Trainee: 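Okay, here's the structure, questions in a sec.
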There are 2 protein chains.
Amino acid sequence: MKATVPVSMASLKAACSQCNLQELCLPFGMSENEIDRLDELVGARRKIKRQHHLYRAGDLFEAIYAIRAGSFKTDVLLEDGREQVTGFQMTGEIIGLDGISTEFHTCNAIALEDSEVCVIPYAKLEELSREVEGLQHQFHKVMSREIVRDHGVMMLLGSMRAEERLAAFLLNMSQRFTARGFSAAEFHLRMTREEIGSYLGLKLETVSRAFSRFQEDGLVAVQQKHIRILSIPGLKKLLHHQPAG
Amino acid sequence: MKATVPVSMASLKAACSQCNLQELCLPFGMSENEIDRLDELVGARRKIKRQHHLYRAGDLFEAIYAIRAGSFKTDVLLEDGREQVTGFQMTGEIIGLDGISTEFHTCNAIALEDSEVCVIPYAKLEELSREVEGLQHQFHKVMSREIVRDHGVMMLLGSMRAEERLAAFLLNMSQRFTARGFSAAEFHLRMTREEIGSYLGLKLETVSRAFSRFQEDGLVAVQQKHIRILSIPGLKKLLHHQPAG
DNA sequence: CGACATTTTGAAGTGCTTCAAGAGATGTGG
DNA sequence: CCACATCTCTTGAAGCACTTCAAAATGTCG
């Protein structure tokens, strides 16, 4: 028998070079050599149980996180208790970028299911991205993509009607599941109607009614959180037609 | 007489080290030495006439811009013609970050008045920020701040009522004018009611009515685009009270 | 000054919310 | 494994905030 180093699951070192999420995550577009250097950067993995916080608004910002397994929501709370969900994050996506601006997190990140993240200490990331051009470039793209995504949400919240918003949401989920090798048509939503509603600027009843309407129209088959899209073109048509035009 | 190099206004070289907007712009928080190095980076200034585009969605991304004078709006257009204004930008603010993600701009930037920007070639920015730690750090903060700002807009669009949105908008403008050394209470809006409405997810008539309501309630004195805030606490109170609570 | 864009205000319409009740799913402890 | 409590989702009916349509007032610019 060979000597083995004791390993605890909780502190298992992450290794980008061995990770099957490379295509979706920070390493995307980097050379093999560059990805090897990422392994110096990424710290331990951390498990987060369903409904638990990865970080909270007000927490000191020290690291960003790559989602290794599971999914999260991020939200902002108003003093009077109103919640705005600002995003849903899936495997390979980077979470925590809001903290860079003030060195404190400005939103909450909550696991929608038992999940696991790779911890990327931010000071180390800045240091390494001064040396590794591909890392720098990729990190900037990740941040910019977040800005572009946010603009899309603003469009949705500011200019679309309820059913358009839900159609856009479903198409977006479908596309992200596809990118992860899952079915584009059939998937399981991890969030409640209320969370979808908060994200879309609607009440949960409105979300539920829109789902029912889509079902009546033969666009999707809905069974609670299980969604089967029957007509992707049908959903897309909803987006491109002005309702009162 | 000394020999002088001919200088055209249009291509006048920008110099961060001499600029009075340092406190608001990219150089904020950088050391004097670091700011001197920024002068290598920042290219020519560019003048943009009122209503003209700084860039358009689909344009190749080559540079980000620091607003030297004037102001801009950014917007996204839907295929059916609907417009969503995603932000209003003032002096010292950085515009164009959306382009990093795909190497093409994803929104339009339009001058609200005759304006001037400093052109910051992006390739050079990445290069220099690998050498100048303060620049790297500051640039990341600028991007993160944009993400945090966008989350605020989502909260506004998704969870607030018309008058709350307008109050939040006015307080935000007031705070930004203050940071620029102008009055917190009295300022001139450069955008139309329709543009404010698009930004806030409201129709222009609703914006106009909310202004009238604020005027009736003695919170602001409105004369077209000229705004005088009579009670900043009064506007703040509108934000923190749940309407149906 | 005259043409045009912008803003204000009123009145009617509508899409989403609120309130309410019941059905269905999920989890826990005995 | 079932019973019970809890959470989630659906659906109906009434209410209301914002939109739409319309017209007049005001401001802006060539």
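Naming convention: chains lettered A, B, ... in sequence-line order (proteins, then strands); numbering from 1 in each chain. Fair warning: this is a prediction, and the values are worked out from it, not measured in the lab.
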Trainee: Could you give the CD-to-C1' distance, from B:E195 to C:dA5, as a whole number of Å?
Mentor: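 For the pair B:E195 CD and C:dA5 C1', the rounded distance is 12 Å.
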
Trainee: Does B:T192 reach a base, just sugar-phosphate, or nothing at all? Heavy atoms under 4.0 Å.
Mentor: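 Sugar-phosphate only.
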
Trainee: With hydrogens left out and only the distance checked, is there a donor-acceptor pair under 3.5 Å joining A:R209's side chain and the base of D:dG12?
Mentor: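 Answer is yes: a donor-acceptor pair is held.
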
Trainee: Check for me whether the distance between the ring centres of A:F182 and A:F187 falls short of 6.0 Å.
Mentor: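 No, the ring of A:F182 stays outside the 6.0 Å limit from the ring of A:F187, centre to centre.
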
Trainee: Please say which of A:T86, A:I100, A:D150, A:D98 ends up in a side-chain contact (heavy atoms from CB on, under 4.5 Å) with B:V148.
Mentor: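 It is A:D98; the other options fail the test.
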
Trainee: Name the nucleic acid region contacted by A:S212, choosing base, sugar-phosphate or nothing; use a 4.0 angstrom heavy-atom cut-off, strictly under.
Mentor: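 Sugar-phosphate, no base atom in range.
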
Trainee: Could you state the atom-to-atom distance from CD of A:E205 to C1' of D:dT8 in whole Å?
Mentor: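 From A:E205 CD to D:dT8 C1': 12 Å.
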
Trainee: Starting from the 5' end of DNA chain C, give me the residue, A:Q224 or A:A162, whose nearest nucleotide shows up first.
Mentor: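 Residue closer to the 5' terminus by nearest nucleotide: A:A162.
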
Trainee: Report yes if a side-chain nitrogen or oxygen of B:K203 is closer than 4.0 Å to either non-bridging phosphate oxygen (OP1 or OP2) of D:dA17; otherwise report no.
Mentor: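 Negative; the distance criterion is not met.
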
Trainee: Tell me the interatomic distance from A:E216, atom CD, to D:dT10, atom P, rounded to whole angstroms.
Mentor: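 Interatomic distance, CD of A:E216 to P of D:dT10: 12 Å.
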
Trainee: Could you state the CZ-P distance from A:R165 to C:dG15, rounded to the nearest angstrom?
Mentor: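 A:R165 atom CZ is separated from C:dG15 atom P by 13 Å.
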
Trainee: Once you round to the nearest 0.5 Å, how far does CD1 of B:I95 lie from OH of B:Y55?
Mentor: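 OH of B:Y55 is found 4.5 Å from CD1 of B:I95.
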
Trainee: Check the surroundings of atom CZ in B:R180: do more than 12 heavy atoms from other residues, nucleotides or ligands lie under 6.0 Å from it?
Mentor: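 Yes, the 6.0 Å shell around CZ holds more than 12 heavy atoms from other groups.
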
Trainee: Roughly how many Å is it from CG in A:L166 to C1' in C:dG15, rounded to a whole number?
Mentor: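 After rounding, the gap between these two atoms is 15 Å.
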
Trainee: Give A:T206 one of three labels, base, sugar-phosphate or nothing, depending on what nucleic acid heavy atoms sit under 4.0 Å from its own.
Mentor: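 Since a base atom lies under 4.0 Å of A:T206, the category is base.
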
Trainee: Touch check for A:G201, heavy atoms < 4.0 angstrom, all strands: base, sugar-phosphate only, or nothing?
Mentor: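 Answer is sugar-phosphate: A:G201 comes under 4.0 Å of backbone atoms only.
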
Trainee: Could you check how far CZ of B:R213 sits from P of C:dT8, rounded to whole Å?
Mentor: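 After rounding, the reported distance stands at 16 Å.
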
Trainee: Between B:K225 and C:dT7, does any side-chain N or O lie under 4.0 Å from OP1 or OP2?
Mentor: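 Yes, such a contact exists.
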
Trainee: Any Lys/Arg nitrogen of A:R50 or A:D114 sitting under 4.0 Å from an Asp/Glu carboxylate oxygen of the other?
Mentor: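 Here A:R50 does not pair with A:D114 in a salt bridge, since their nearest N and O are not under 4.0 Å apart.
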
Trainee: Rounded to whole angstrom units, what separation is found between the CZ atom of A:R193 and the C1' atom of D:dT10?
Mentor: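 Distance check: A:R193 CZ to D:dT10 C1' gives 9 Å.
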
Trainee: Which whole-number value in Å describes the distance from A:M160 CE to C:dG15 P?
Mentor: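 Going from A:M160 (CE) to C:dG15 (P), I get 17 Å.
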
Trainee: Tell me what B:L202 touches on the nucleic acid: a base, only sugar-phosphate, or nothing, going by heavy atoms under 4.0 Å.
Mentor: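 Answer is sugar-phosphate: B:L202 comes under 4.0 Å of backbone atoms only.
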
Trainee: Toward the 5' end of DNA chain C, which comes first, B:V222 or A:Q223, by nearest nucleotide?
Mentor: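 Mapping each residue to its closest nucleotide by heavy atoms, the 5'-most match is B:V222.
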
